[in-house]
Amino acid sequence: MLNQMKTYQMYIGGQWVLASDNQTRKITDPANGNLIGVVPEATVMEVNEAVAAARNAFDNTNWGSADNALNRAQLMMALANKLRENAAKFAELDTLNCGKPLVESEGDVADSANCLDFFAGLATKTMGETVAVPMNMQSMVVREPIGVVAQIVPWNYPLLMGVWKIAPALAAGCTIVMKPSELTPLSILELAKLTEEVGIPAGVVNIITGIGEVAGAALVNHPDIDKIAFTGGTDTGMKVMTAAAKGIKNVTLELGGKNPVVVFADANLDKSAEWIAFAGMANQGQVCSAGSRILVEKSVYNEVIERVAKIVTHIKLGHGLDEGVRMGPVISKEQQDKVMSYIEKAKAEKCRLICGGSLPKGEQFAKGNFIEPTIFADVEPHHTLFKEEVFGPVMSFTSFDTEDEAVKLANDTEYGLAAGVFTESVTKAHRVVKQIRAGIIWVNNYHPTFNELPWGGYKKSGIGRELGKYGIEAYLETKQININLDEGQLGWY
Ligand code: NAD
């Protein structure tokens with residue numbers, strides 16, 4: 001058990017540094033408010049230093065060269081193994097920092113190590129092509145690392161979201177300046193220590209800690225950044241994209257969602273109910289792909305609500321490190337207030353409260369940001385709960401009569417990240433999957449995702465894809481080369 005508060009430094013150009021004005025931020029455990037760490041609050045000066053270090057490592061070393069691809073792969077696999085050796089420490093740290101149950105953090109750490117291995121495999125497989133063209137030319141397309149990348153990640157998966165970005169960038173041969181969320185920077189700083197231990201050269205991975213409006217904004221607006229990779233809220237994504245537009249920078253965005261889960265009457269309800277509860281309540285509902293809008297065929301509507309509510313009301317709430325806990329606190333007091341304001345709004349809009357809807361009572365919850373897992377029924381498309389991402393343990397239920405209506409309701413959102421479909425009919429499942437505009441769709445399950453498959457959204461859920469072979473694409477440039485095989489003159493003038 002990590003019980004000693006630690007003071008952290010940022011990692012810039014292979015050095016561990018404080019903020020130039022010595023400003024710091026206290027990091028607390030959202031389950032009880034205990035101080036768990038102190039990190040520097042970066043100023044624009046440290047952002048500039050980090051970008052300069054990354055620029056130097058990219059421009060003046062062989063880090064990104066094809067000659068170095070095997071070395072990059074080996075370093076990444078060494079990093080994956082180091083992470084596995086320290087898995088218990090990392091899992092505990094993410095639970096302490098962001099509140100999620102330990103079993104979830106353990107899964108995140110294992111996924112992170114596997115993600116590094118997956119992309120290590122791709123580091124040596126960057127391939128271009130030759131293309132048959134006229135004019136006696138030998139033409140080819142080669143892929144090269146995009147350069148210095150700015151990576152900004154949120155607080156809901158502190159380690160995993162960071163690794164989803166670091167791994168493909170390292171494999172491609174890019175150099176990195178990453179800014180974790182100001183609320184959850186600890187596991188990424190610990191990961192930076194491991195990059196140093198395994199010998200990833202100075203300047204290749206740089207970590208700055210600070211707030212979005214200062215460090216994040218300075219990073220995305222920096223002229224020496226070649227690409228921005230951002231995961232976070234849609235409003236922040238718009239600001240990031242505006243900065244990218246001003247600098248004509250390549251940008252990928254992983255943003256929010258208001259994800260539908262369509263449950264047909266022919267679904268196996270014995271198996272489906274738990275998946276549906278998991279869709280909405282995993283990680284306290286603080287998941288971009290959370291299945292928060294449950295759309296149920298009318299004939300089984302009340303039965304599905306009853307079954308899911310029964311599961312949800314028995315979820316064990318508590319500190320994520322405690323035995324058997326499956327729901328921790330939300331990340332901050334601010335987030336707790338925001339979620340509770342959605343609950344109050346749903347009550348005011350006359351949605352039918354099925355369970356939860358309050359802060360849990362009891363001494364053990366008094367100092368943490370806990371919220372009762374909450375379900376509302378009879379939520380209509382005009383209700384706020386149907387439209388807006390809550391990012392908390394709140395699920396809404398809506399009924400439908402026909403398959404067409406189900407698809408219409410599912411697509412009635414500005415987002416398009418994920419969706420679920422529950423049915424025993426394979427033809428119906430395929431028909432519905434084809435029509436839902438979302439980047440990830442689960443049938444008769446919800447949430448499992450794999451390093452081998454692309455992750456990302458349609459519509460306002462983002463631009464581009466992470467993971468899979470698509471993930472490395474985001475970090476590669478494409479160069480056309482034409483070699484003249486003709487010995488003659490051009491003869492133009
Ligand atoms: P957020 O947008 O508030 O912050 C995300 C990151 O952006 C943080 O590191 C923050 O410091 C930084 N930031 C804030 N303002 C900035 C600015 N002006 N310029 C540059 N950086 C800035 O999001 P959050 O509250 O940390 O995370 C929750 C959101 O993330 C949710 O909307 C969720 O859906 C989304 N999310 C999406 C995915 C996905 O894969 N699509 C995954 C996880 C989370």
Ile331 vs Gln284 side-chain heavy atoms within contact, under 4.5 Å: no
Side-chain donor/acceptor of Thr398 to backbone N/O of Val379, under 3.5 Å: yes
Closest heavy-atom pair and its distance - Ser187, Asp94: OG-OD1, 2.7 Å
Passing option when Leu255 is tested against Thr231, Leu417, Thr234 for side chain to side chain contact (heavy atoms under 4.5 Å, CB included): Thr234
Side chain Gln335, main chain Phe391, donor-acceptor under 3.5 Å: yes
Side chain to side chain, Ile152 and Thr236, heavy atoms closer than 4.5 Å: no
Sidechain-backbone polar pair: Thr374 side chain, Gly357 backbone, donor-acceptor under 3.5 Å: yes
Considering all heavy atoms, the nearest Asp270-Arg307 contact: OD1-NH1, 2.8 Å
Side-chain H-bond candidate by donor/acceptor type, Glu190 with Tyr8, under 3.5 Å: yes
Over all atoms of both residues, closest heavy-atom pair of Ala42 and Ala215: CB-CB, 4.2 Å
Main-chain N/O of Arg326 paired with Lys316 side-chain donor or acceptor, under 3.5 Å: no
Parallel, tilted or perpendicular, as decided by the 30° and 60° cut-offs, for the rings of Trp442 and Tyr446: tilted
Residue pair Asn97 / Thr184, side-chain donor-acceptor N/O under 3.5 Å: no
side-chain contact (heavy atoms from CB on, under 4.5 Å) between Phe90 and Ser112, worked out: CA-CA 11 Å; Phe90 274 87; Ser112 299; over 6 Å; no
Test item: Tyr475 and Lys165 side chains (from C-beta on) under 4.5 Å apart, heavy atoms: yes
Quiz item: cation-pi between Lys179 and Phe230, 6.0 Å / 45°: no
Non-hydrogen side-chain atoms of Phe422 and Val304 separated by less than 4.5 Å: no
Arg465 side-chain N/O to Gly457 backbone N/O, donor-acceptor pair under 3.5 Å: yes
Working for salt bridge (Lys or Arg N to Asp or Glu O under 4.0 Å), residues Glu403 and Arg431: CA-CA 9 Å; Glu403 195 177 307; Arg431 273 198 309 273; 2.7 Å; yes
Residue pair Tyr415 / Glu389, side-chain donor-acceptor N/O under 3.5 Å: no
Donor-acceptor contact present, side-chain Lys258 to main-chain Ser292, <3.5 Å: no
Under 3.5 Å donor-acceptor, Thr423 side chain and Ala267 backbone: no
Under 3.5 Å side-chain donor-acceptor pair for Thr413 and Lys460: no
Residue pair Leu116 / Asn81, side-chain heavy-atom distance below 4.5 Å: no
Verdict with reasoning, Phe400 to Glu297, per side-chain contact (heavy atoms from CB on, under 4.5 Å): CA-CA 5 Å; Phe400 66 82; Glu297 193 164 351; 3.7 Å; yes
Verdict with reasoning, Leu467 to Trp164, per side-chain contact (heavy atoms from CB on, under 4.5 Å): CA-CA 7 Å; Leu467 302 184; Trp164 276 19; 3.5 Å; yes
Considering all heavy atoms, the nearest Cys98-Asn156 contact: SG-O, 4.2 Å
Test item: Phe386 and Leu295 side chains (from C-beta on) under 4.5 Å apart, heavy atoms: yes
Side-chain heavy-atom pair Met327, Pro393 within 4.5 angstrom cut-off: yes
Asn369/Lys333 under side-chain contact (heavy atoms from CB on, under 4.5 Å): CA gap, chis, key distance, verdict: CA-CA 6 Å; Asn369 314 314; Lys333 178 80 181 72; 4.1 Å; yes
Closest contact, heavy atoms only, Pro168 versus Gly471: CB-O, 3.8 Å
Heavy-atom closest pair, residues Pro373 and Leu317: CD-CD1, 3.6 Å
Ring geometry between Phe370 and Phe365 (parallel below 30°, tilted from 30 to 60°, perpendicular above 60°): perpendicular
Criterion salt bridge (Lys or Arg N to Asp or Glu O under 4.0 Å) on Asp412 and Lys408, from CA distance to verdict: CA-CA 6 Å; Asp412 187 3; Lys408 207 164 157 242; over 6 Å; no
Within-4.5 Å side-chain heavy-atom neighbours: Lys345 and Leu385: no
Glu46 side chain to Thr43 backbone, donor-acceptor under 3.5 Å: yes
Among Val149, Val220, Ile225, side chain to side chain contact (heavy atoms under 4.5 Å, CB included) partner for Lys249: Ile225
Short side-chain donor-acceptor distance under 3.5 Å, Asp378 and His383: no
Exam field: side chain Ser461 to backbone Gly416, donor-acceptor pair closer than 3.5 Å: yes
No-hydrogen, no-angle side-chain donor-acceptor test under 3.5 Å, Ser341 and Glu344: no
Trace of the salt bridge (Lys or Arg N to Asp or Glu O under 4.0 Å) decision for Asp117 with Arg84: CA-CA 11 Å; Asp117 273 344; Arg84 289 189 186 100; 2.8 Å; yes
Lys82 and Thr195: CA distance, side-chain angles, deciding distance, side-chain hydrogen bond (donor to acceptor under 3.5 Å, both in side chains) verdict: CA-CA 9 Å; Lys82 275 272 175 208; Thr195 69; over 6 Å; no
Main-chain N/O of Val443 paired to Asn445 side chain as donor or acceptor, under 3.5 Å: yes
